[in-house]
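Worksheet: one structure, shown below.
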There are 2 protein chains.
Amino acid sequence: MDKKSKSLSKNQKIVLDFIQKNKKPVKAYSILSNVQKKGINAPPQVYRALDKLIEIGKIHRVESQNSFVACKISNCDTPHKTIFSICNSCEIVSEINDPKLFKNLKDFRDKDGTVFDGYNLEFFGTCKSCKNKQIENTKH
Amino acid sequence: MDKKSKSLSKNQKIVLDFIQKNKKPVKAYSILSNVQKKGINAPPQVYRALDKLIEIGKIHRVESQNSFVACKISNCDTPHKTIFSICNSCEIVSEINDPKLFKNLKDFRDKDGTVFDGYNLEFFGTCKSCKNKQIENTKH
DNA sequence: AAATTTTTGTTATATTATAACACTATACTC
DNA sequence: GAGTATAGTGTTATAATATAACAAAAATTT
(Lines give C-alpha, C1' and ligand atoms only; values in the text may rest on other atoms or scores of the structure.)
Protein backbone atom coordinates (compact mmCIF):
# COMPACT_ATOMS: atom_id res chain seq x y z
CA MET A 1 0.00 0.00 0.00
CA ASP A 2 1.46 3.28 -0.98
CA LYS A 3 1.37 6.46 1.01
CA LYS A 4 -1.50 8.04 -0.89
CA SER A 5 -4.02 5.28 -0.29
CA LYS A 6 -3.71 5.58 3.48
CA SER A 7 -7.07 6.46 4.89
CA LEU A 8 -7.77 9.96 5.96
CA SER A 9 -8.16 11.07 9.54
CA LYS A 10 -11.47 12.23 10.99
CA ASN A 11 -10.91 15.95 10.46
CA GLN A 12 -9.40 15.42 7.04
CA LYS A 13 -12.52 13.48 5.98
CA ILE A 14 -14.85 16.15 7.30
CA VAL A 15 -13.01 18.93 5.50
CA LEU A 16 -12.62 17.03 2.24
CA ASP A 17 -16.27 16.04 2.31
CA PHE A 18 -17.35 19.65 2.63
CA ILE A 19 -15.06 20.85 -0.15
CA GLN A 20 -16.25 18.10 -2.48
CA LYS A 21 -19.87 19.04 -1.91
CA ASN A 22 -19.22 22.52 -3.26
CA LYS A 23 -19.02 23.33 -6.93
CA LYS A 24 -17.16 26.56 -6.24
CA PRO A 25 -13.96 26.87 -4.25
CA VAL A 26 -14.47 27.48 -0.58
CA LYS A 27 -12.62 29.64 1.90
CA ALA A 28 -11.01 28.31 5.05
CA TYR A 29 -13.28 30.21 7.44
CA SER A 30 -16.33 29.20 5.46
CA ILE A 31 -15.25 25.59 5.88
CA LEU A 32 -14.79 26.23 9.57
CA SER A 33 -18.24 27.67 10.14
CA ASN A 34 -19.83 24.88 8.13
CA VAL A 35 -18.16 22.02 9.97
CA GLN A 36 -18.43 23.32 13.51
CA LYS A 37 -21.40 21.05 14.12
CA LYS A 38 -19.10 18.14 13.32
CA GLY A 39 -16.72 19.04 16.12
CA ILE A 40 -14.13 21.16 14.39
CA ASN A 41 -13.78 24.24 16.52
CA ALA A 42 -10.79 26.30 15.52
CA PRO A 43 -8.84 27.49 12.47
CA PRO A 44 -5.75 25.33 13.02
CA GLN A 45 -7.86 22.21 12.72
CA VAL A 46 -9.09 23.35 9.32
CA TYR A 47 -5.72 24.54 8.06
CA ARG A 48 -4.01 21.32 9.11
CA ALA A 49 -6.54 19.25 7.22
CA LEU A 50 -6.19 21.54 4.21
CA ASP A 51 -2.41 21.20 4.23
CA LYS A 52 -2.62 17.44 4.25
CA LEU A 53 -5.29 17.28 1.55
CA ILE A 54 -3.21 19.53 -0.67
CA GLU A 55 -0.13 17.43 -0.01
CA ILE A 56 -1.86 14.26 -1.16
CA GLY A 57 -3.49 16.00 -4.11
CA LYS A 58 -7.13 15.65 -3.07
CA ILE A 59 -7.65 19.39 -3.17
CA HIS A 60 -5.90 22.38 -4.63
CA ARG A 61 -5.45 25.89 -3.40
CA VAL A 62 -6.62 28.65 -5.72
CA GLU A 63 -3.89 31.15 -5.00
CA SER A 64 -5.56 34.25 -6.36
CA GLN A 65 -8.64 33.65 -4.23
CA ASN A 66 -7.24 32.13 -1.05
CA SER A 67 -9.71 29.35 -1.61
CA PHE A 68 -9.73 25.59 -1.87
CA VAL A 69 -11.28 23.29 -4.42
CA ALA A 70 -11.51 19.53 -4.84
CA CYS A 71 -9.33 17.99 -7.50
CA LYS A 72 -11.46 16.92 -10.42
CA ILE A 73 -8.82 14.84 -12.12
CA SER A 74 -9.31 11.20 -11.19
CA ASN A 75 -6.53 9.58 -9.22
CA CYS A 76 -4.65 12.81 -9.04
CA ASP A 77 -1.16 12.13 -7.85
CA THR A 78 0.29 15.43 -8.92
CA PRO A 79 -0.25 18.03 -6.28
CA HIS A 80 1.31 21.34 -7.16
CA LYS A 81 0.72 20.93 -10.86
CA THR A 82 -2.50 22.79 -11.42
CA ILE A 83 -4.24 24.70 -14.17
CA PHE A 84 -7.42 26.64 -13.52
CA SER A 85 -9.70 28.92 -15.40
CA ILE A 86 -11.32 31.54 -13.23
CA CYS A 87 -14.25 33.74 -14.09
CA ASN A 88 -13.60 37.33 -13.06
CA SER A 89 -17.30 37.90 -12.68
CA CYS A 90 -18.77 34.94 -10.77
CA GLU A 91 -15.43 33.61 -9.51
CA ILE A 92 -16.27 30.09 -10.53
CA VAL A 93 -13.19 27.97 -11.04
CA SER A 94 -12.70 25.02 -13.38
CA GLU A 95 -9.73 22.75 -13.38
CA ILE A 96 -8.28 22.45 -16.86
CA ASN A 97 -7.25 19.05 -18.12
CA ASP A 98 -5.43 19.75 -21.35
CA PRO A 99 -2.74 17.27 -22.36
CA LYS A 100 -0.94 19.65 -24.69
CA LEU A 101 -0.73 22.35 -22.06
CA PHE A 102 0.39 19.80 -19.45
CA LYS A 103 3.18 18.79 -21.76
CA ASN A 104 4.25 22.38 -22.46
CA LEU A 105 4.49 23.07 -18.76
CA LYS A 106 6.09 19.77 -17.85
CA ASP A 107 8.81 20.26 -20.44
CA PHE A 108 9.51 23.86 -19.59
CA ARG A 109 13.05 24.70 -18.47
CA ASP A 110 14.28 28.13 -17.54
CA LYS A 111 17.48 29.65 -18.87
CA ASP A 112 19.55 27.83 -16.26
CA GLY A 113 17.95 24.52 -17.16
CA THR A 114 16.18 24.30 -13.81
CA VAL A 115 13.68 21.48 -13.63
CA PHE A 116 10.62 22.52 -11.70
CA ASP A 117 8.74 20.32 -9.20
CA GLY A 118 5.48 22.04 -9.77
CA TYR A 119 3.55 24.91 -11.18
CA ASN A 120 0.31 26.75 -10.75
CA LEU A 121 -1.41 28.37 -13.69
CA GLU A 122 -4.53 30.48 -13.39
CA PHE A 123 -6.33 31.84 -16.43
CA PHE A 124 -8.70 34.77 -15.94
CA GLY A 125 -11.65 35.59 -18.14
CA THR A 126 -15.41 35.71 -18.27
CA CYS A 127 -17.26 32.42 -18.33
CA LYS A 128 -19.91 31.68 -20.94
CA SER A 129 -22.79 32.15 -18.56
CA CYS A 130 -21.56 35.52 -17.27
CA LYS A 131 -20.83 36.69 -20.81
CA ASN A 132 -24.40 35.85 -21.81
CA LYS A 133 -25.74 37.79 -18.86
CA GLN A 134 -23.69 40.82 -19.88
CA ILE A 135 -25.10 40.64 -23.41
CA GLU A 136 -28.61 40.36 -21.96
CA ASN A 137 -28.02 43.51 -19.93
CA THR A 138 -26.87 45.61 -22.85
CA LYS A 139 -30.11 44.76 -24.68
CA HIS A 140 -32.30 46.63 -22.22
CA MET B 1 -0.34 60.75 -24.28
CA ASP B 2 -1.85 57.45 -23.36
CA LYS B 3 -3.10 56.44 -19.96
CA LYS B 4 0.01 54.50 -18.98
CA SER B 5 2.49 57.31 -19.46
CA LYS B 6 0.66 59.55 -17.00
CA SER B 7 3.00 60.35 -14.20
CA LEU B 8 2.66 58.59 -10.93
CA SER B 9 1.39 60.18 -7.77
CA LYS B 10 3.57 60.80 -4.74
CA ASN B 11 2.65 57.63 -2.86
CA GLN B 12 2.75 55.54 -6.01
CA LYS B 13 6.30 56.74 -6.68
CA ILE B 14 7.43 56.03 -3.16
CA VAL B 15 6.05 52.51 -3.22
CA LEU B 16 7.32 51.72 -6.71
CA ASP B 17 10.73 53.07 -5.84
CA PHE B 18 10.99 50.81 -2.82
CA ILE B 19 9.87 47.73 -4.76
CA GLN B 20 12.32 48.42 -7.56
CA LYS B 21 15.20 48.68 -5.10
CA ASN B 22 14.60 45.11 -3.97
CA LYS B 23 15.76 42.09 -5.88
CA LYS B 24 13.31 39.87 -4.06
CA PRO B 25 9.56 40.41 -3.90
CA VAL B 26 8.46 42.46 -0.92
CA LYS B 27 5.44 42.19 1.32
CA ALA B 28 2.93 44.97 1.80
CA TYR B 29 3.70 45.50 5.48
CA SER B 30 7.40 45.46 4.79
CA ILE B 31 6.84 48.22 2.28
CA LEU B 32 4.83 50.10 4.87
CA SER B 33 7.47 49.94 7.57
CA ASN B 34 10.16 50.95 5.11
CA VAL B 35 8.37 53.99 3.75
CA GLN B 36 6.96 55.40 6.97
CA LYS B 37 9.78 57.92 7.10
CA LYS B 38 8.50 59.20 3.75
CA GLY B 39 5.09 59.97 5.18
CA ILE B 40 3.10 56.87 4.37
CA ASN B 41 1.40 55.94 7.61
CA ALA B 42 -1.20 53.28 7.10
CA PRO B 43 -1.91 50.08 5.14
CA PRO B 44 -4.55 51.53 2.82
CA GLN B 45 -2.04 53.99 1.45
CA VAL B 46 0.26 51.14 0.51
CA TYR B 47 -2.45 48.88 -0.87
CA ARG B 48 -3.89 51.65 -2.99
CA ALA B 49 -0.53 52.38 -4.54
CA LEU B 50 0.01 48.66 -5.11
CA ASP B 51 -3.35 48.31 -6.85
CA LYS B 52 -2.55 51.13 -9.19
CA LEU B 53 0.97 49.93 -9.95
CA ILE B 54 -0.38 46.47 -10.75
CA GLU B 55 -3.07 47.96 -12.94
CA ILE B 56 -0.54 49.82 -15.05
CA GLY B 57 1.84 46.86 -15.15
CA LYS B 58 4.75 48.40 -13.23
CA ILE B 59 4.65 45.65 -10.63
CA HIS B 60 3.18 42.19 -10.31
CA ARG B 61 1.71 40.33 -7.40
CA VAL B 62 3.25 36.96 -6.62
CA GLU B 63 0.10 35.15 -5.62
CA SER B 64 1.65 32.24 -3.79
CA GLN B 65 3.68 34.60 -1.59
CA ASN B 66 1.38 37.57 -1.10
CA SER B 67 4.27 39.62 -2.30
CA PHE B 68 5.00 42.24 -4.91
CA VAL B 69 7.79 42.52 -7.42
CA ALA B 70 8.77 45.05 -10.06
CA CYS B 71 8.13 44.11 -13.65
CA LYS B 72 11.42 43.33 -15.37
CA ILE B 73 10.07 43.31 -18.88
CA SER B 74 10.73 46.69 -20.43
CA ASN B 75 7.71 48.74 -21.36
CA CYS B 76 5.42 46.15 -19.92
CA ASP B 77 1.89 46.87 -20.99
CA THR B 78 0.48 43.52 -20.11
CA PRO B 79 -0.55 43.41 -16.52
CA HIS B 80 -2.14 40.14 -15.54
CA LYS B 81 -0.03 38.11 -17.94
CA THR B 82 2.77 36.89 -15.77
CA ILE B 83 5.15 33.97 -15.57
CA PHE B 84 7.44 33.47 -12.61
CA SER B 85 9.89 30.91 -11.39
CA ILE B 86 10.06 30.67 -7.64
CA CYS B 87 12.70 28.96 -5.57
CA ASN B 88 11.12 26.86 -2.82
CA SER B 89 14.21 27.30 -0.73
CA CYS B 90 15.23 30.98 -0.85
CA GLU B 91 11.93 32.23 -2.25
CA ILE B 92 13.65 34.30 -4.88
CA VAL B 93 11.42 35.04 -7.82
CA SER B 94 12.40 35.61 -11.45
CA GLU B 95 10.09 36.78 -14.14
CA ILE B 96 10.25 34.51 -17.14
CA ASN B 97 10.37 36.01 -20.60
CA ASP B 98 9.90 33.08 -22.92
CA PRO B 99 8.29 33.81 -26.29
CA LYS B 100 7.22 30.24 -26.93
CA LEU B 101 5.54 29.94 -23.57
CA PHE B 102 3.89 33.35 -24.03
CA LYS B 103 2.46 32.13 -27.30
CA ASN B 104 1.21 28.87 -25.81
CA LEU B 105 -0.61 30.74 -23.09
CA LYS B 106 -1.90 33.49 -25.33
CA ASP B 107 -3.38 30.99 -27.75
CA PHE B 108 -4.94 28.79 -25.13
CA ARG B 109 -8.72 28.35 -25.29
CA ASP B 110 -10.74 26.23 -22.92
CA LYS B 111 -13.34 23.70 -24.07
CA ASP B 112 -15.96 26.43 -24.45
CA GLY B 113 -13.60 28.54 -26.53
CA THR B 114 -13.33 31.19 -23.83
CA VAL B 115 -10.71 33.81 -24.56
CA PHE B 116 -8.89 34.82 -21.42
CA ASP B 117 -7.85 38.36 -20.51
CA GLY B 118 -4.97 37.26 -18.41
CA TYR B 119 -3.10 34.52 -16.65
CA ASN B 120 -0.66 33.96 -13.88
CA LEU B 121 1.82 31.11 -13.99
CA GLU B 122 4.16 30.26 -11.15
CA PHE B 123 6.78 27.55 -11.48
CA PHE B 124 8.26 26.08 -8.30
CA GLY B 125 11.67 24.52 -8.00
CA THR B 126 15.10 24.95 -6.49
CA CYS B 127 17.31 27.64 -7.92
CA LYS B 128 20.86 26.90 -9.01
CA SER B 129 22.43 28.58 -6.02
CA CYS B 130 20.27 26.73 -3.48
CA LYS B 131 20.87 23.43 -5.28
CA ASN B 132 24.61 23.98 -5.03
CA LYS B 133 24.32 24.69 -1.32
CA GLN B 134 22.41 21.45 -0.83
CA ILE B 135 25.12 19.50 -2.63
CA GLU B 136 27.76 21.23 -0.47
CA ASN B 137 25.91 20.15 2.66
CA THR B 138 25.71 16.49 1.72
CA LYS B 139 29.49 16.41 1.30
CA HIS B 140 30.17 16.98 4.99
C1' DA C 1 -14.00 78.37 -12.52
C1' DA C 2 -17.09 74.58 -11.92
C1' DA C 3 -17.40 69.82 -12.13
C1' DT C 4 -15.33 65.39 -12.16
C1' DT C 5 -11.94 62.14 -11.03
C1' DT C 6 -8.08 60.72 -8.55
C1' DT C 7 -5.41 60.64 -4.65
C1' DT C 8 -4.71 61.33 0.18
C1' DG C 9 -5.02 60.65 5.22
C1' DT C 10 -7.23 58.35 8.91
C1' DT C 11 -9.59 55.08 12.09
C1' DA C 12 -11.38 50.92 12.65
C1' DT C 13 -12.09 46.30 11.44
C1' DA C 14 -12.35 42.14 8.48
C1' DT C 15 -10.01 38.20 6.68
C1' DT C 16 -6.50 34.79 6.36
C1' DA C 17 -3.07 32.04 8.66
C1' DT C 18 0.22 30.31 12.19
C1' DA C 19 2.78 29.59 16.85
C1' DA C 20 2.93 27.05 20.76
C1' DC C 21 1.69 23.61 23.98
C1' DA C 22 -0.40 19.52 26.07
C1' DC C 23 -2.48 15.43 24.81
C1' DT C 24 -4.27 11.13 22.07
C1' DA C 25 -4.34 7.80 18.43
C1' DT C 26 -2.13 5.19 15.01
C1' DA C 27 1.59 2.77 12.84
C1' DC C 28 6.25 0.68 13.10
C1' DT C 29 9.80 -2.34 14.84
C1' DC C 30 12.02 -5.57 17.54
C1' DG D 1 2.78 -6.95 22.47
C1' DA D 2 5.80 -3.31 24.76
C1' DG D 3 8.16 0.42 23.47
C1' DT D 4 8.87 4.11 20.39
C1' DA D 5 8.24 7.02 16.76
C1' DT D 6 4.96 9.59 13.82
C1' DA D 7 0.77 11.82 12.78
C1' DG D 8 -3.28 13.88 14.31
C1' DT D 9 -6.19 16.48 17.85
C1' DG D 10 -7.87 20.32 20.68
C1' DT D 11 -7.05 24.76 22.46
C1' DT D 12 -5.69 29.64 23.26
C1' DA D 13 -3.66 33.38 21.63
C1' DT D 14 -1.82 36.17 18.13
C1' DA D 15 0.41 37.28 13.66
C1' DA D 16 -0.05 38.66 8.95
C1' DT D 17 -2.70 40.27 5.16
C1' DA D 18 -6.28 43.26 3.39
C1' DT D 19 -10.41 46.31 3.09
C1' DA D 20 -14.50 49.51 4.46
C1' DA D 21 -15.84 53.90 5.15
C1' DC D 22 -15.48 58.72 5.45
C1' DA D 23 -13.73 63.45 4.99
C1' DA D 24 -10.54 66.36 2.65
C1' DA D 25 -7.14 67.89 -0.84
C1' DA D 26 -5.11 67.78 -5.41
C1' DA D 27 -5.14 67.13 -10.25
C1' DT D 28 -7.66 66.88 -14.57
C1' DT D 29 -11.38 67.80 -17.66
C1' DT D 30 -15.00 70.57 -19.66
Side-chain angles (χ1 to χ4, degrees), chain A residues 1-19 22 24-69 79 91 93 120 122, chain B residues 1-19 22 24-56 58-69 91 93 120 122:
Chain A
M1 247 192 202
D2 74 348
K3 217 177 177 184
K4 300 223 170 89
S5 55
K6 260 193 213 164
S7 67
L8 298 174
S9 76
K10 180 186 142 244
N11 288 358
Q12 289 159 10
K13 271 179 208 148
I14 293 171
V15 170
L16 177 57
D17 188 53
F18 179 73
I19 295 172
N22 283 273
K24 282 198 190 181
V26 287
K27 302 260 185 174
Y29 277 73
S30 155
I31 297 170
L32 177 58
S33 64
N34 279 281
V35 298
Q36 285 192 319
K37 53 199 165 212
K38 307 222 170 183
I40 292 183
N41 310 309
Q45 295 174 296
V46 172
Y47 280 102
R48 282 181 202 136
L50 290 172
D51 286 347
K52 188 67 184 193
L53 294 168
I54 289 168
E55 192 192 320
I56 63 176
K58 291 287 184 190
I59 66 169
H60 304 301
R61 193 184 144 86
V62 183
E63 296 290 355
S64 61
Q65 292 188 342
N66 303 324
S67 66
F68 304 88
V69 69
E91 303 201 313
V93 170
N120 178 57
E122 300 182 5
Chain B
M1 246 194 202
D2 75 346
K3 218 177 176 182
K4 299 217 169 94
S5 54
K6 261 192 213 166
S7 69
L8 298 173
S9 76
K10 181 188 141 240
N11 288 358
Q12 288 158 12
K13 270 180 208 147
I14 294 171
V15 170
L16 177 58
D17 188 54
F18 179 73
I19 295 172
N22 282 273
K24 281 198 192 184
V26 287
K27 303 262 186 171
Y29 277 74
S30 157
I31 297 169
L32 177 58
S33 64
N34 280 282
V35 297
Q36 285 192 321
K37 54 199 163 214
K38 307 224 168 179
I40 292 184
N41 310 309
Q45 296 174 295
V46 172
Y47 281 102
R48 288 195 289 234
L50 290 172
D51 287 347
K52 188 68 184 194
L53 294 168
I54 289 168
E55 192 193 319
I56 63 177
K58 290 286 184 191
I59 65 169
H60 303 301
R61 192 185 144 85
V62 184
E63 296 289 354
S64 61
Q65 292 188 344
N66 302 323
S67 67
F68 304 88
V69 70
E91 303 199 314
V93 170
N120 178 57
E122 300 182 5

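What you see is a predicted model, and the numbers here were worked out from it, not measured in a lab. In what follows, chains are A, B, ... by sequence order, proteins preceding strands, each numbered from 1. Basis for what follows: all heavy atoms, side chains included, without hydrogens, waters or symmetry-related copies.
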(request) Taking the side chain as every heavy atom from C-beta outward, state whether A/L32 and A/I40 have any atom pair closer than 4.5 Å. (result) yes
(request) Using modelled atom types only, decide if a donor and an acceptor are shared between the side chain of B/E55 and the backbone of B/K52 within a distance under 3.5 Å. (result) no
(request) Report the distance from atom CD of B/Q45 to atom CG of B/L50, rounding to the nearest 0.5 Å. (result) 12.0 Å
(message) Can you measure A/I56 atom CD1 to D/dA7 atom C1' for me and round it to whole angstrom units?
(response) 13 Å
(request) Compare side-chain N and O positions of B/K10 against OP1 and OP2 of C/dG9 and report whether any pair is under 4.0 Å apart. (result) yes
(request) Would you tell me if any nitrogen or oxygen in the side chain of B/S9 comes within less than 4.0 Å of OP1 or OP2 on D/dA27? (result) no
(message) Tell me the interatomic distance from A/Q12, atom CD, to C/dA25, atom P, rounded to whole angstroms.
(response) 16 Å
(message) Please report the distance, rounded to the nearest Å, between NZ in B/K52 and P in C/dT6.
(response) 7 Å
(request) Round to a whole Å and report the spacing from CG of B/L50 to P of C/dT8. (result) 12 Å
(message) Any side-chain N or O of B/N11 below 4.0 angstrom from OP1/OP2 of C/dT7?
(response) no
(request) Can you tell me the distance, in whole Å, between the CG atom of A/L8 and the P atom of C/dA25? (result) 19 Å
(request) Calculate the interatomic distance between B/I54 atom CD1 and D/dA18 atom C1'; express it in whole Å. (result) 12 Å
(message) I need the CG-C1' distance between B/L32 and D/dT19, as an integer number of Å.
(response) 14 Å
(request) Rounded to the nearest angstrom, tell me the gap between atom NZ in A/K13 and atom C1' in C/dA25. (result) 13 Å
(message) Testing B/I14, B/N41, B/N11 one by one against B/V35 for a side-chain contact (heavy atoms from CB on, under 4.5 Å), which residue passes?
(response) B/I14
(message) On DNA chain D, does the nearest nucleotide to A/A49 precede the nearest nucleotide to A/A42 from the 5' side, or the other way round? Give the residue.
(response) A/A49
(request) State whether the side chain of B/E122 and the backbone N or O of B/S64 hold a donor-acceptor pair below 3.5 Å, judged by distance alone. (result) yes
(message) For nucleotides 14-24 of chain C, give me one character per nucleotide, 5' to 3': B if any protein heavy atom sits under 4.0 Å from the base, S if the only such contacts are to the sugar-phosphate, - if neither.
(response) --BBBBB----
(request) Would you indicate, yes or no, if C/dG9 has its OP1 or OP2 atom less than 4.0 angstrom from a side-chain nitrogen or oxygen of B/Q45? (result) yes
(request) Evaluate the side-chain proximity of A/R61 to A/N66: yes if any heavy-atom separation is below 4.5 Å, no if none is. (result) yes
(message) Main chain of B/V62, side chain of B/Q65: is a donor-acceptor contact present, judged purely on distance under 3.5 Å?
(response) no
